[in-house]
Novice: 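Okay, handing you the structure first.
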Amino acid sequence: MPGGVNAGNQNPQQAREEKLAALNGDDTPSKSASLRMAMKRTVRRPELRMIVPLADTTIYEMEQRGEFPRRFYLTSRCVVWDLAEVEAWIEERRQASNAERIKRAPAPDVRKRRTRPVRK
């Protein structure tokens, strides 16, 4: 059998990894972690917006300050981000938020509102 004994019981990702391993001369698919590192995944702007709920301008400004992963061009018109870098940035922000290192915006003083005044 060309696909092996478990060919029908594996997902497409495992099948790709085994094929790549066979092409590289590896006969053990246990090296899938290093194989995934070789297969970098990138995301375009619409998918990035789904992952990171920030405005395009905010992302651009954070990139300029070095606070967000940098985009790069695949072609002259196709801009992408490395998914692993974006996921690492999200995890870093989560850790910083849990440790309360991210300064939160102060709550607005509702007594200074001009419309809908606060009742006494």
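Values below: all heavy atoms of this structure, side chains included; hydrogens, waters and symmetry mates excluded.
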Novice: Is it true that, when you exclude R116 itself, more than 12 heavy atoms of the residues, nucleotides or ligands shown sit nearer than 6.0 Å to its CZ?
Specialist: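 No, the 6.0 Å shell around CZ holds no more than 12 heavy atoms from other groups.
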
Novice: Sorted by first residue and then second, give each side-chain hydrogen bond (donor to acceptor under 3.5 Å, both in side chains) pair with at least one member in residues 71-80; sequence neighbours left out.
Specialist: E63-R71

Novice: Taking side-chain contact (heavy atoms from CB on, under 4.5 Å) as the definition, give me every residue that meets it alongside E100, ordered by chain and number, with sequence neighbours left out.
Specialist: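 Once residues adjacent in sequence are excluded, E100 has no partner under the side-chain contact (heavy atoms from CB on, under 4.5 Å) criterion.
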
Novice: How would you list all residue pairs meeting ring pair (Phe, Tyr, Trp, His ring centres under 6.0 Å) that involve residues 90-120, not counting sequence neighbours?
Specialist: none

Novice: Output a table of donor-acceptor pairs, distance under 3.5 Å, between side-chain atoms of residues 83-93 and any protein atom two or more places apart or on a different chain; print 'none' if there are none.
Specialist:
| residue | atom | partner | partner atom | Å |
| --- | --- | --- | --- | --- |
| W89 | NE1 | E67 | O | 2.7 |
| E91 | OE1 | R94 | NH1 | 3.0 |
| E91 | OE2 | Q95 | NE2 | 2.7 |

Novice: Identify all side-chain donor-acceptor contacts of residues 42-51 below 3.5 Å with residues at least two apart in sequence or on another chain.
Specialist:
| residue | atom | partner | partner atom | Å |
| --- | --- | --- | --- | --- |
| E47 | OE2 | R41 | NH2 | 2.9 |
| R49 | NE | D56 | OD1 | 3.1 |
| R49 | NH2 | D56 | OD2 | 3.0 |

Novice: Applying side chain to side chain donor-acceptor pair (under 3.5 Å), can you list everything that pairs with R111, at least two apart in sequence or on another chain?
Specialist: D109

Novice: Could you tell me which residues satisfy side-chain contact (heavy atoms from CB on, under 4.5 Å) with T58, sequence neighbours excluded, listed by chain and number?
Specialist: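 Result, side-chain contact (heavy atoms from CB on, under 4.5 Å) vs T58: L54, A55, M62.
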
Novice: Tell me, yes or no, whether the heavy-atom count around R65 atom CZ, taken from other residues, nucleotides or ligands under 6.0 Å, exceeds 12.
Specialist: yes

Novice: Excluding sequence neighbours, so at least two apart, what forms salt bridge (charged side-chain N to carboxylate O under 4.0 Å, His left out) with R114?
Specialist: none

Novice: Which ILVMFWY residues can you reach from V80 by hopping between side chains whose heavy atoms are under 4.5 Å apart?
Specialist: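 Result for V80 is F72, L74.
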
